Amino acid sequence: MNLTQKIIKNHLVKGEMVAKAPIEIVMDQTLTQDATGTMAYMQFEAMGVSQVKTELSVSYVDHNTLQSGFMNADDHAYLQSVASKHGVYFSKPGNGICHQVHLERFAKPGKTLIGSDSHTPTSSAMGCIAIGAGGLDVAKAMAGIPYRLTMPEVIEVRLSGKLQHGVSSKDIILEVLRQQTVKGGVGRVYEYTGEGVKSLSVYQRATITNMGAELGATTSIFPSDEITKEFLARQNRVEDWMELGPDADATYDGLVEVNLSELKPMAACPNSPDAIEYIENLEGKKVDQVAIGSCTNSGYEDLMKAAQILDGKTVAPTVSLVISPGSRQVMMKLIENGAMSIFVKAGARILECTCGPCIGMGQSPKSDGVSLRTFNRNFYGRSGTLSAGVYLVSPEVAAASAITGVFTDPTKVDYSDDFAKEVSMVDDSMIIAPSKTPEEVEIVRGPNIKPLPTNDAMSNTIDKKVVIKLEDNITTDHIAPAGAKVLPYRSNIEKLSTFVFENNIEHFDEICKSNGGGIIVAGENYGQGSSREHAALAPMYLGVKAVIAKSFARIHKANLVNFGIIPCEFADKADYDRIDFMDELVIADTYNLENTSTLVVENKTKGFTFNVNTVLSEEDVKILEAGGALNFIRNQQ
Ligand code: MIC
Ligand code: SF4
């Protein structure tokens, strides 16, 4: 067996381990972050379970930390109280980005983890199966309900050779993205093997598993070996270690090969993580902003490499350099060993240990600005400046370019690759254990915590207009934008729904309201990117009943089902071209979904019919019939 199969087998409660077959696995751990967590915990509360049933559940606050107005602070207070009451650890704002802290303090080889954030696979650098999902799926896991997924195909990524000076593990995942594209990973796990693995630290592995999310993959995984052991020892938890890897004769469903010795520094160009270009071809292009941080590249080693390059130098006069360490642990260490003073002397602006600019929480670039970021996503509008061009790069490229003010190839820069890997500064004082007397804990619900919107049961005929027609690779950042203006309303769906598709079409909410809801038509890979269920919940609130697309991203498709919106795929993709905005479509016989996976759709406006396929499990169909998973769960109680 390969490593993925071994861990799945240990957690399998239903189904067969045959690629593409529906399976159910038990989740040992859960994580949530604040932007998706409020919904997840409201849904958990609605399930009426008093204490979480997992081995470990952690609630992080790292996204919405800009407190302009009461909203985010209300959310934090709710999250802290609900965690304390239901047996969940609470990581306070400032303690770090969920994935970074989870990797350092909680991830364990051989375990399963589900998190309400698409970059949850970061923890799979530790040899566990960590999967991103919508908040409701995480709430279900906290309630002890196994997670349903399709058994992934397992692709071997065989690494040979060794990274050269100036080349980073970021370049490894950019190379995989170049080869596989943002939709290459749907239904797959990428399992890293080969000699090259042995030269990569856990932080370097985490950059790769983190950004594996951009492939659309279920997760990416590294073995647990001596390097993992050393990492855990530095975290004072060597007892969590066990050796774990594929069998010598393991088989895989496909092979990707990367020779680390041949890699060169790269960038993902605007506006997609798979629009890859070599830095040598961008050299000399002017840079306005550099941001080092995010859950992809904000570990100790990333920031030390940036410090080595910036040591004794100053940031170019026209560049703004911002640095956000991934965790307080990393921040403390950089203060102690002097790296932080290198940053400040160089002219960097130091931010708190949160997602910050990665989710558009401040630091939007100037109009038409060029921003180099060590992050994982450069989707249109995500930085907060529509006209800006965001390039995703390694910390080495970022630091070198911050000094020169133009794209700079770090392989040509003289700096030392050696730095001390001393014992970490473990301090869990900002992680609050749940209450020992949960019955006494009062849940704090400020005015920003609005009740969950409900949905009606599915009707047999859906007769609605096409309220928007979209191209390929639409992200959840298009559907439910993020940023400082919108994020405070993550627990207030009525308000949040006014921002849906705001960068695609004006007043989408009003179009839906005046047409009594509608149907969304889209191209390939609809809903790629984040796990935010708001991208399903807000359209549900606006009366969207179905999405007809050429194909879907995994997490978003599950979220659509969870909120009672039918995900339909064109049987013949050419039919996409025959539909226009405001066409009236009639989807008939949806009650028949129990017996068929093909529905007939009539385009009343244009006078023709076409077929759509629904790839749904039996339970998905029941959830849709009930009008969403919460109704389904309530009906069962
Ligand atoms: C993201 O990187 O897009 C986010 C913000 O972390 C999201 C979660 C969210 O929208 O709250 C994700 O990756 O799932
Ligand atoms: Fe936060 Fe950005 Fe990571 Fe999402 S991708 S969890 S916003 S740092």
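Small disclaimer: the values here were computed from a predicted structure and weren't measured. All heavy atoms count here, side chains included; hydrogens, waters and symmetry mates do not. In listed order, ligands and their atoms are each counted from 1.
Heavy atoms of His99 come nearer than 4.0 angstrom to ligand 2 in at least one pair. Within the 4.0 Å heavy-atom shell around ligand 2 one finds Arg382.
Comment: Arg148 engages Asp620 in a salt bridge, judged by a side-chain N to carboxylate O separation of less than 4.0 angstrom. Salt bridge Asp428/Arg105: present, at least one basic N to carboxylate O contact under 4.0 Å.
With a heavy-atom cut-off of 4.0 Å, Ile359 touches ligand 1 through its side chain alone. Contacts between Met361 and ligand 2, counted as non-hydrogen atom pairs separated by less than 4.0 Å, are absent for every part of the residue. The part of Asp117 lying near ligand 2 is the side chain, judged by heavy-atom distances below 4.0 Å. Residue contacts with ligand 1, taken as heavy atom pairs separated by less than 4.0 Å, involve Arg382 solely via side-chain atoms from C-beta onward.
Listed by number with element, the atoms of ligand 2 under 4.0 Å from a non-hydrogen atom of Asn376 are 5 (S). Proximity to His63 (heavy-atom distance under 4.0 Å) selects the following atoms of ligand 1: 4 (C), 5 (C), 6 (O). Atoms of ligand 2 lying under 4.0 Å from any heavy atom of Cys295, numbered from 1 in the order shown and given with element: 3 (Fe), 5 (S), 6 (S), 8 (S). In the vicinity of Ala35, heavy-atom distances shorter than 4.0 Å reach the ligand 1 atoms 11 (O). Residue Arg490 has at least one heavy-atom neighbour below 4.0 Å for each of these atoms of ligand 1: 9 (C), 10 (O), 11 (O). Of all the atoms in ligand 1, the ones that sit under 4.0 Å from a non-hydrogen atom of Asp117 are 4 (C), 6 (O), 7 (C), 8 (C), 12 (C), 13 (O), 14 (O). Close approach to Cys355 involves these atoms of ligand 2, each under 4.0 Å from a residue heavy atom: 1 (Fe), 7 (S), 8 (S). Less than 4.0 angstrom separates some heavy atom of Ile359 from each of these atoms of ligand 2: 7 (S). Residue contact check: His63 has heavy atoms under 4.0 Å from atoms 1 (Fe), 4 (Fe), 6 (S), 7 (S) of ligand 2.
Residue Asp477 has no nitrogen or oxygen atom sitting less than 3.5 Å from a nitrogen or oxygen atom of ligand 1, judged on distance alone. For a threshold of 3.5 Å applied to N or O pairs, the pair formed by Thr36 and ligand 1 contains no separation below that value.
With hydrogens left out, the protein atom closest to atom 8 (C) of ligand 1 is Gln33 NE2, 3.1 Å, a heavy atom. Counting protein heavy atoms only, atom 2 (Fe) of ligand 2 is closest to Cys358 SG, 2.3 Å. Looking only at protein heavy atoms, the nearest one to atom 10 (O) of ligand 1 is Arg532 NE, 2.6 Å. With respect to atom 13 (O) of ligand 1, the closest heavy atom belonging to the protein is Ser118 OG, 2.6 Å.
Interatomic distance, Gln29 CD to Ile114 CD1, rounded to the nearest 0.5 Å: 12.0 Å.
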Q: Under the side-chain contact (heavy atoms from CB on, under 4.5 Å) rule, what do Lys108 and Leu56 come out as? Steps first, then yes or no, please.
A: CA-CA 11 Å; Lys108 287 188 194 173; Leu56 173 87; over 6 Å; no

Q: Give the C-alpha distance, both sets of side-chain angles, the deciding distance and a yes or no for side-chain contact (heavy atoms from CB on, under 4.5 Å) between Met126 and Arg205.
A: CA-CA 8 Å; Met126 191 70 82; Arg205 296 173 184 186; over 6 Å; no

Q) Are Leu103 and Tyr203 close enough, and set up right, to give a side-chain contact (heavy atoms from CB on, under 4.5 Å), and what steps lead you there? A) CA-CA 9 Å; Leu103 178 79; Tyr203 280 130; 4.2 Å; yes

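Minimum heavy-atom separation, Ile565 to Met540: CD1-N, 3.7 Å.
Of the N and O atoms on the side chains of Ser530 and Arg382, not one donor lies less than 3.5 Å from an acceptor on the other residue.
Here His478 and Phe379 keep their ring centres 6.0 angstrom or further from each other. Aromatic pair Phe563/Tyr541: centroids not less than 6.0 angstrom apart.
Using cut-offs of 30° and 60° for the angle between ring planes, the His119 and His99 rings count as perpendicular.
Judged by a 6.0 Å distance limit and a 45° cone about the ring axis, Lys485 is not positioned over the six-membered ring of Phe499.
Which of Ala535, Gly360, Ser531 comes nearest to atom 14 (O) of ligand 1 through a heavy atom is settled by distance: it is Ser531.
Without hydrogens or angle criteria, Arg188 side chain to Ile155 main chain gives no donor-acceptor distance under 3.5 Å.
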